[in-house]
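Note: hydrogens, waters and symmetry copies are ignored here, and every other heavy atom, side chains too, is used. All residue numbers in this chain count up from 1 along the given sequence. Indexing begins at 1, ligand by ligand and atom by atom, following the structure's order.
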Amino acid sequence: MSDLNSFLRGKRVRIADDDPVIRSVACAALEAIGLEVDESPDGEHALRALELQPPDLLVLDVEMPGADGITCCRRLRQTAWGAEIPVMVLTGHSDGETIESAFEAGATDFVTKPLDPQLLQHRVRFVLQSSDAASGLRRTLDELRHSQHRLATAQHMASLGNWEWTPDSGEMLWSEEMYRILGAVAAPGAATYEALMAAVHPEDRAELENAMQRAALEGKSWSLDHRIVARDGEERFVHHQAIVRADALGEAERVAGIIQDLTERRRAEEEIRYLSYYDAITGLPNRRMFEETLRHGLVQARRHERILGLLFIDLDRFKRVNETLGRMAGDELLQGVAGRLQESVRTTDHVGTRRQERPDNLSRMGSDEFTVVLTELRSPDDASLVAHRVQEALKVAFHIGGQEIFMSASVGIALFPSDGPDAETMLARANTAMHHAKSEGPGLYRFFNASMNVRAMRNLQLEAGLRKALERDEIVLHYQPLHSVATGQVTELEALARWNSEELGAVTPAEFIPIAEETGLIEPLGEWILRTACAQLQQWRRAGLPPVRVAVNVSSLQFREQGMAEMVRRALRDFELDPADLRLELTESALFGDDPNVIQAMRALKELGVGLALDDFGTGYSSLSYLVRFPIDTIKIDRSFVTNVGADPQADAMIAAVVGMARRLGLTVTAEGVETAEQKAFLGAEGCDTLQGYLLGRPVDAAAITEILRAAAQTPGS
Ligand code: C2E
Ligand code: CA
Ligand code: CA
C-alpha cells in the first residue's frame, strides 16, 4: 500500500447498492486501497447497520428499492449519530437535478455510474481526507468507535451477541459476537433469519421459530433457553431473549434480541453439580443425589403401578478396618466395595429376562452405608435376589495394603407401595430392616415387612432343599394325558415334575421351578426330567403299550444355554427313541429377546424332528411374529381362556381366532385345563386337535398311566 493510502488503513466504508455487481466492483476498488468494506443490499439495511456500527464513510446508490439513496441520506442526517458521517452517492444520472437533491439531503459527494474504480478510489480518498481534517468530527468518530469497540469487547467477555430483525423485510443484522456464538463466518449476506435458525439445534428449532413468529405477529417479547449446533458440530447452550420495538425511524416494527452463550457456565455448573452430588471417595452418587433418585423412582413407580425396592446396605465391622489399617486403607476398601456393589446391582434378573437398572441407582450415603434403588422389580423376590447377589459379591476377599480382608454387609429392604408412601418413610424402614438384619447377622438381609421375611426365608429353605432333592430322589414325574379330538385316544403324555420334600412336604412346580431357575439348578434338574421322561417312554414301548408321545416342559433358561440340542439328541439316542416321540414345551419368555442360542437350538431340534410347542399361549407377549419366525408346530391355548369358555365372549373369540390362525400357519392346537363337558364340546367344535385337563385325566404317576394305556390297548377304537 502506498503512502498515499496509508491513512486509510483500517477505515470502514459501508456501501449500499441493490446491484451486487456494482457492490463487488466497488468493494474490490476500495479494499485495494486498504479500506474495510461492509455491504448492504438496500438503504434500510444500511441504516440499521450504521446504528450498530457507524462507518467512516457511507456510499449510497441513488436508485434502490425501498429507501433510495437520497431518502436514506436525509434520514441519516436526522439522527444524532449520523450527522457527521460522510456520504457519497452513486448516481446514474449526471443531471444536475438529482445531484442537487442529493446535496440537499446532506450528501458529501457523488460519483456517477458506470462506475470507474479509479475514480471511486480517488473520490473516496478525497472525502476521507477532508473528513479526517475536520478534527472535531474525527474525535467524535473516534470516541464512538471506541465505545463501539468497548461494547464489542464487553459483549465478547459476556459471550453476549445481539441481533435485529425486521419481520416485514425478513432482514437481519448480527453483532460480531453473534457470529462467534453461532459458529458462523462473518460475510456479506451471512446474517439471515434462516442462518440463525439453521444454527439452532433441530429439536429446539420449532420453539424458537414459534417465538419469533409470535414476536413478529403479536408483538410478544420472549426469552428462551436452547441449544446451538455450531458449524464444527459443537453443541452450545444459550439464553436467548428478544423484545419487540418500533423502528427508531418510525416505520416497521423491529425485533431486537440478545443471545448469551452459557456453555462455559453450564460446564462449570455441571462440575459443581458433580461435586455436590457425588461422593469423592467412591465416585458414586451421594446422599443428595440418592434422595433425588428415590423420589423420582417413587413418582414413576406410582404412575406405572410398579414395585420399587430400596436396599440399605451397611458393611459389617467396617470400623475395625479403619482402626487397624488406617483411613487410607479404609478408603481403598470402600472403593473396592463400591466396585463390587456396582457389578451386582446393575441388572435385576428374572426368569428368562434381564432388566437393566439405572446406572446411578447405587449411592453412598456416608461412612460405610450404601443404598440401592431398584425400579425394575417384577416381584418382591427380585429385591432379595439383588440383596443376595450383593452379599455374594462381597464374599470374595479384598486385597488392601498387602492384606486379605473379608467383608460382609447387612442389608435392609423396604418395598413400595407396601412400606411407605414417601422417600423418608421408605428410607427409615429400610434402615430399620438393616438394623434388624445386623442384630441377627452378620451378612444377612431382612425385609421391613415381616411377611416378606417369611417368604424370603421359605425361598432360602426351598433353595437349600432343592439342592438335595435330586440326590434324595424326592423329585418324581407325573404324566397328564392329551386326548385327540378326532379319535378320543390318548396320543400324548405331558410330564409334570413333583417334589415331595422331606422337610417341606409337597412343593408345587410353580414354586420350585422359579427357584431352580434363579439358582442355576434348572440345568441338572431339566436334564434329569428329560432323561427320566425318555426312560419312561422307552419302558412303555418295551411293554408293548400303544404308542404315545411324551411332552417335556423346558425352561427358557435351558434354551439359552448352549448344548441344549445336543443334550436332547443324547437322551433320544440313549433311550432308543425316535425324535418324533418327543415334544418340548416352551413359553414365550424363551423367545423373547431374539437370543441367538435359542434360535439355533430350536432350528437344530426342528431339523432333528423333535416337536416344539408354545405353552401358555395368550398370556405373554403373544406376538404373532413368534409363530412365524420360530419353528413351532403346536400352540397350547392357556387354561385361563378355556376356563372362561361360555362365560366370556372374548375368550370364545380368542380361541376361535387362535385356531383359525394356527390352521393357516399349519400348526396344531391343544387346549389346556379342560374341566367341563361344555368346554370340551366347544373346543372340539372350534377345531382344536387335542385336549388336556382334569375332565380327561389328571396328572398321575407312571404306574397309573401304565394302567390307563393298558386299558386303552384292550379296548381298541374306543
Ligand atoms: P404348564 O406347563 O402349563 O402345565 C399345566 C399345568 O396345569 C399343570 O400344573 C397341570 O397340573 C395343570 N392342569 C392341567 N389340567 C388342569 C385342569 O383341568 N385344571 C387345572 N386347574 N389345572 C390343570 P402343575 O403340574 O402344577 O405345573 C405348573 C407349571 O409348572 C407348569 O405349567 C410348568 O410351567 C411348570 N412345570 C411343571 N413341570 C415342569 C418341568 O418338568 N419342567 C419345567 N421347566 N417346568 C415345569
Ligand atoms: Ca406345559
Ligand atoms: Ca401351559
Quiz item: Just which atoms of ligand 1 are under 4.0 Å from any heavy atom in Pro699?
Solution: 11 (O)
Quiz item: Phe398 ring centre to Arg340 NZ or CZ under 6.0 Å, with the angle to the axis within 45°?
Solution: yes
Exercise. With heavy atoms of Asp615 as the reference, note each atom of ligand 1 found under 4.0 Å away.
Key: 1 (P), 2 (O), 3 (O)
Self-check item: Proximity of Gln480 to ligand 1 by residue part, where a heavy atom lies under 4.0 Å
Solution: side chain
Quiz item: Looking only at heavy atoms, is any part of Val552 under 4.0 Å from ligand 1, and if so is it the side chain, the backbone, or both, or is it neither?
Solution: neither
Quiz prompt | Among Arg498, Glu585, Glu672, closest by any non-hydrogen atom to atom 25 (O) of ligand 1 | solution = Arg498
Exercise. Enter the distance from Leu377:CG to Leu385:CG here, rounded to the nearest 0.5 Å.
Key: 10.0 Å
Quiz item: Are side-chain heavy atoms of Val299 and Arg303 found at a separation under 4.5 Å?
Solution: yes
Exercise. With heavy atoms of Glu675 as the reference, note each atom of ligand 1 found under 4.0 Å away.
Key: 17 (C), 18 (O), 19 (N), 20 (C), 21 (N)
Quiz prompt | Contact partition for His478 relative to ligand 1, non-hydrogen atoms under 4.0 Å | solution = neither
Self-check item: Nitrogen or oxygen atoms of Gln558 and ligand 1 under 3.5 Å apart
Solution: no
Exercise. Would you mind listing which atoms of ligand 1 come within a distance below 4.0 Å of any non-hydrogen atom of Gly693?
Key: 15 (N), 18 (O)
Quiz item: Relative to ligand 1, is Val674 under 4.0 angstrom through side chain, backbone, both or neither, heavy atoms considered?
Solution: backbone
Exercise. Any atoms of ligand 1 less than 4.0 Å from a non-hydrogen atom of Pro509? List them with their elements.
Key: 24 (P), 25 (O), 26 (O), 27 (O), 28 (C), 30 (O), 36 (N), 37 (C)
Quiz item: How far apart are the closest heavy atoms of Gln480 and Arg698, and which atoms are they?
Solution: CG-C, 4.1 Å
Quiz item: What part of Ile513 sits under 4.0 Å from ligand 1 if we count only heavy atoms: the side chain, the backbone, both or neither?
Solution: side chain
Quiz item: For ligand 1, which atoms, with element, lie under 4.0 Å from some heavy atom of Ser555?
Solution: 44 (N)
Quiz item: What's the verdict on side-chain hydrogen bond (donor to acceptor under 3.5 Å, both in side chains) for Thr668 and Thr634, showing C-alpha distance, side-chain angles and the deciding distance?
Solution: CA-CA 5 Å; Thr668 55; Thr634 303; 3.0 Å; yes
Self-check item: Option of least heavy-atom distance to atom 18 (O) of ligand 1 (set: Trp528, Phe512, Tyr694)
Solution: Tyr694
Self-check item: Asp616 near the Ca ion (ligand 2): N/O/S under 3.0 Å
Solution: no
Quiz item: Once you round to the nearest 0.5 Å, how far does CG of Asn459 lie from CG of Leu462?
Solution: 6.0 Å
Self-check item: Proximal heteroatom of Glu585 relative to the Ca ion (ligand 2) (N/O/S)
Solution: OE1
Quiz item: At under 4.0 Å between heavy atoms, which part of Leu496 makes contact with ligand 1: side chain, backbone, both or neither?
Solution: both
Quiz item: Short list, please: which atoms of ligand 1 are under 4.0 Å from a heavy atom of Asp616?
Solution: 3 (O)
Quiz prompt | Arg639 and ligand 1 - part of the residue with a heavy-atom distance under 4.0 Å | solution = side chain
Practice problem: Would you mind reporting whether Thr432 and Phe448 have side-chain heavy atoms less than 4.5 Å apart? | Solution: yes
Exercise. Run the numbers for me: atoms of ligand 1, each under 4.0 Å from some heavy atom of Glu494, listed by number.
Key: 2 (O), 4 (O)
Practice problem: Output yes when Asp616 and Lys636 qualify as a salt bridge under the 4.0 Å nitrogen-oxygen rule, no when they do not. | Solution: no
Quiz item: Contact between Gln692 and ligand 1, counting heavy atoms under 4.0 Å?
Solution: no
Quiz item: Among the N, O or S atoms that Glu494 has, which is closest to the Ca ion (ligand 2)?
Solution: OE2
Quiz item: Given side chains that start at C-beta, do those of Leu709 and Val548 come closer than 4.5 Å, heavy atoms only?
Solution: yes
Quiz item: Would you call Ile529 a ligand 1 contact, heavy-atom distance under 4.0 Å?
Solution: yes
Quiz item: With sequence neighbours excluded, what pairs up with Gln539 under the side-chain hydrogen bond (donor to acceptor under 3.5 Å, both in side chains) test?
Solution: none
Quiz item: Does some side-chain heavy atom of Leu545 sit less than 4.5 Å from a side-chain heavy atom of Trp540?
Solution: yes
Quiz item: Which atom, among the N/O/S set of Asp615, is closest to the Ca ion (ligand 2)?
Solution: OD2
Quiz item: Do Ser408 and Asp316 have side-chain N/O donor and acceptor atoms under 3.5 Å apart?
Solution: yes
Self-check item: Least distance between heavy atoms, Asp633 atom then Gly611 atom
Solution: OD2-CA, 3.5 Å
Self-check item: Heavy-atom closest pair, residues Val642 and Gln679
Solution: O-NE2, 3.3 Å
